[in-house]
Amino acid sequence: MEQVRVRFAPSPTGYLHIGGARTALFNWLFAQKNGGKFILRIEDTDTARLKEDSVSQILTSLRWLGINWDEGPEQGGEYGPYYQSERQELYLAEAERLVNEGKAYYCFCQPDELEAEREKQRQLGKPYRYTGKCTAIEPAEVERRLQQGQKPVIRLKVPPTGTIIVNDLIHGSVRFQNEQLDDFVIIKSNGMPAYNFACVVDDYAMKITHVMRAEEHLSNTPKQIHIYQALGYSLPAFAHMPMILAPDRSKLSKRHGATSVEEFRGQGFLAPTIINYLALLGWSPKNEQEVLSINEILAEFTLENVSKKAAVYDVKKLTWMNGLYLNSIDIDEISGQAIPFMISQGLISNIDAKDNYDYIKKIVAAVRERVKTLAEVADAAQYFFKDVEYYDAKGIDKYFKKEGTAELLAEGSKRLKQLTDFNLETTERVYRELIEEKNIKGGDIIHPTRLALTGKTMSPGLFDVMVLLGKETCLKRLAAAIRYIDER
RNA sequence: GGCCCUAUGGUCAAGUGGUUAAGACGUCGCCCUCUCAAGGCGAAGUCAGGGGUUCAAUUCCCCUUAGGGCUACCA
């Protein structure tokens, strides 16, 4: 059996969005599952829409997600180059072959005349199709115009009747009538191949066995099949996977907030979360398990379980899942990833990150249990690195205004001060004794103390916070809080 | 407009010609508790509408509707 070869072929017009990432993931999974190769190809034939840095952004996102390619940019391979802009000769050669075989022809029509014709047909309520006007131009005349320096396009001759059946691995067989098609452009006047043509030529040249892409390409497939047939190529298998839609069910775009992998990364989502969540969008395992490592996904993955229905992504569920990963992944790994967030929030410096790593790690460990993203880890870690500048307004009302609070804090402070060994056990014991003696509820002193120490109404367990902060800092902040209450 | 795809709770989604139509996120209660998370327990909430076929349709067929895609010298 021939080796499975699949590809992901992004166009470098921006960041890698989650729909693209999911397509890449499914291709990657399919390749792994079948012992095949996953190829990355850059479709950069639209010179007008190219964006600087887009390729490196896409590569960075894929690598961060752990989706590695066997052949492609920065990786090489025997079917390169993997940038379409570098494969122009091949496209031109194949297109000219079609012209010589009478299966394609030069067309000298100008864009504006075409547009005018299109508009006319639209007003008549008729579907527009190219008239085929240039089909009849004599070879000598073609030659003459080329000599003159005219820049024609090349169009494929499409049979006026007949049916193309696309056998899709996900959608089954889908029929398209040739009458719907016209003689479409395969080489643009600037010499660049049009998408459908480059795609077919490359998929064949790169020995792609399974073309798996987003559903938006299903309607392009009959055109591509015409190209395969004209070129005398054998057909690959096709699988069109459902699209990922924005929450309002429209196509993903910038106005929908975060849609790119980089944005989610910047918000503190973890790669395994994104992989896991994306896998669940459009695919579901046979069993009920939803939290799956990439290896578990791999073990379960089949095209049969891929849905036909477009899916809307839900940041809430993504966030929930991220919380799970944040707390199950090795603490060193999480700390390492949280540090850049702490640095960018100005909590620590690069030097601190090295010198105080063990301390930072303890803080991350304490704090991560109650947050969901790396950005939130940094938020929640603030008061370990900076003085408390203000107290939460609701907290003041709730905990600082009660009669006798300052005295209680003073008493707690006094007892903490006497501790020579300042640890989890001793700090809690001192407080519990105080609570016992005063016959108050634990919260009566714990809450104001938390507010004094952190400025917030929520934090890790109070005694964990105390120990992490250290005796000196605790006493200092308690004193500051007492002063604050007294001054009011 | 033409052609194509799709249609199970707010979202993801399992599922079948006969089921009390799973599960997850979210939401709402309750429990636990030093706060917040987490966790535990429980609740509300779905087969888009209309026709067929059938003893029986959420499931099969048709229409309508809705959403999405293609209809470019974009990919």
Remember a base hit wins even if backbone is also touched, and classify [X] as base, sugar-phosphate or nothing at under 4.0 Å, heavy atoms.
X        : answer
A:Asp46  : sugar-phosphate
A:Val153 : base
A:His240 : nothing
A:Gly282 : sugar-phosphate
A:Pro247 : nothing
A:Glu290 : base
A:Thr45  : sugar-phosphate
A:Ser284 : sugar-phosphate
A:Lys251 : sugar-phosphate
A:Ser11  : sugar-phosphate
A:Leu462 : base
A:Arg450 : base
A:Arg175 : sugar-phosphate
A:Gln180 : sugar-phosphate

Atom [atom1] of [X] and atom [atom2] of [N]: how far apart are they, to the nearest Å?
X        : N     : atom1 : atom2 : result
A:Asp314 : B:U27 : CG    : P     : 10 Å
A:Ile186 : B:A72 : CD1   : P     : 16 Å
A:Asn190 : B:C73 : CG    : P     : 12 Å
A:Leu114 : B:U71 : CG    : P     : 15 Å
A:Arg213 : B:G68 : CZ    : P     : 22 Å
A:Met321 : B:A24 : CE    : C1'   : 8 Å
A:Ile244 : B:A13 : CD1   : P     : 10 Å
A:Met458 : B:U35 : CE    : P     : 12 Å

Taking atom [atom1] in both [N] and [M], compute the distance separating them and give it to the nearest angstrom.
N     : M     : atom1 : result
B:C74 : B:U27 : C1'   : 42 Å
B:U54 : B:A75 : C1'   : 48 Å
B:A48 : B:U58 : C1'   : 12 Å
B:G23 : B:C41 : P     : 12 Å
B:C47 : B:C60 : C1'   : 15 Å
B:U16 : B:A44 : P     : 26 Å
B:C70 : B:C12 : C1'   : 27 Å
B:G45 : B:G9  : C1'   : 5 Å

With both distances kept under 3.5 Å, what pairs with [N], Watson-Crick or G-U wobble?
N     : answer
B:U27 : B:A43
B:A57 : none
B:C74 : none
B:G17 : none
B:C32 : none

It should be established whether [X] places a side-chain nitrogen or oxygen under 4.0 Å from OP1 or OP2 of nucleotide [N].
X        : N     : result
A:Lys316 : B:G10 : no
A:Arg368 : B:A37 : no
A:Arg370 : B:G39 : no
A:His217 : B:G69 : no
A:Lys188 : B:A75 : yes

- [ ] Could you go through the salt bridge (Lys or Arg N to Asp or Glu O under 4.0 Å) check for A:Lys317 and A:Glu290 one step at a time?
- [x] CA-CA 11 Å; A:Lys317 186 161 183 176; A:Glu290 286 204 307; 3.3 Å; yes
Task: Heavy-atom side-chain proximity of A:Arg249 to A:Val312 below 4.5 angstrom - done: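 Side chain of A:Arg249 against side chain of A:Val312, heavy atoms only: contact under 4.5 Å found.
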- [ ] Heavy atoms only: give me the nearest A:Leu462-A:Tyr431 pair and the separation to one decimal.
- [x]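 Looking at all heavy atoms of both residues, the closest pair is CD2-CE2, 4.4 Å.
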Open item on the list: Does A:Arg118 qualify as a cation-pi partner of A:Tyr128, given the criterion of NZ or CZ under 6.0 Å from the six-membered ring centre and within 45 degrees of its axis?
Closed with: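 Yes, A:Arg118 sits over the ring of A:Tyr128.
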Nearest to the side chain of [X] - [options]?
X        : options             : answer
A:Phe176 : B:C12, B:C4, B:G68  : B:C4
A:Val174 : B:A13, B:C5, B:G68  : B:C5
A:Arg249 : B:C4, B:G69, B:C12  : B:C12
A:His447 : B:U35, B:U11, B:C73 : B:U35

Quiz question: going by heavy-atom distance under 3.5 Å, is there a donor-acceptor pair between the base of [N] and the side chain of [X]?
X        : N     : answer
A:Lys309 : B:A7  : no
A:Asn327 : B:A38 : no
A:Arg129 : B:U71 : no

Task: 5′-ward residue of the pair A:Cys109/A:Asn305 relative to RNA chain B - done: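 Its nearest nucleotide lies further toward 5', so the answer is A:Asn305.
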Task: Closest-nucleotide 5' rank along RNA chain B - winner of A:Trp320 and A:Lys308 - done: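 Looking at RNA chain B, the more 5' nearest nucleotide goes with A:Lys308.
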Open item on the list: Does the plane of the ring in A:Phe238 sit parallel, tilted or perpendicular to the ring in A:Tyr228? Use 30° and 60° as the thresholds.
Closed with: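 Taking A:Tyr228 first and then A:Phe238, their aromatic rings stand perpendicular (interplane angle over 60°).
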Open item on the list: Applying the side chain to side chain contact (heavy atoms under 4.5 Å, CB included) criterion to A:Gln224, which one of A:Val211, A:Asn196, A:Leu235 satisfies it?
Closed with: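 The single option meeting the side chain to side chain contact (heavy atoms under 4.5 Å, CB included) with A:Gln224 is A:Asn196.
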Open item on the list: My understanding is that only one of A:Arg41, A:Lys223, A:His217 makes a side chain to side chain contact (heavy atoms under 4.5 Å, CB included) with A:Cys199; could you say which?
Closed with: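 So, applying the side chain to side chain contact (heavy atoms under 4.5 Å, CB included) to A:Cys199 and each of A:Arg41, A:Lys223, A:His217, only A:Arg41 qualifies.
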- [ ] Supply the atom-to-atom distance A:Asp183 CG to A:Lys133 NZ, rounded to the nearest 0.5 angstrom.
- [x]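 Spacing of CG (A:Asp183) from NZ (A:Lys133) equals 14.0 Å.
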Open item on the list: For a quick check under 3.5 Å, do A:Asn322 and A:Thr373 share a side-chain donor-acceptor pair by atom type?
Closed with: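 Checked: A:Asn322/A:Thr373 side chains show no N/O donor-acceptor pair below 3.5 Å.
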Open item on the list: Before you tell me yes or no, could you show the steps for A:Glu437 and A:Arg415 under salt bridge (Lys or Arg N to Asp or Glu O under 4.0 Å), namely the whole-Å CA-CA distance, both residues' side-chain angles and the distance that decides it to 0.1 Å?
Closed with: CA-CA 13 Å; A:Glu437 284 171 29; A:Arg415 297 187 183 203; 2.7 Å; yes
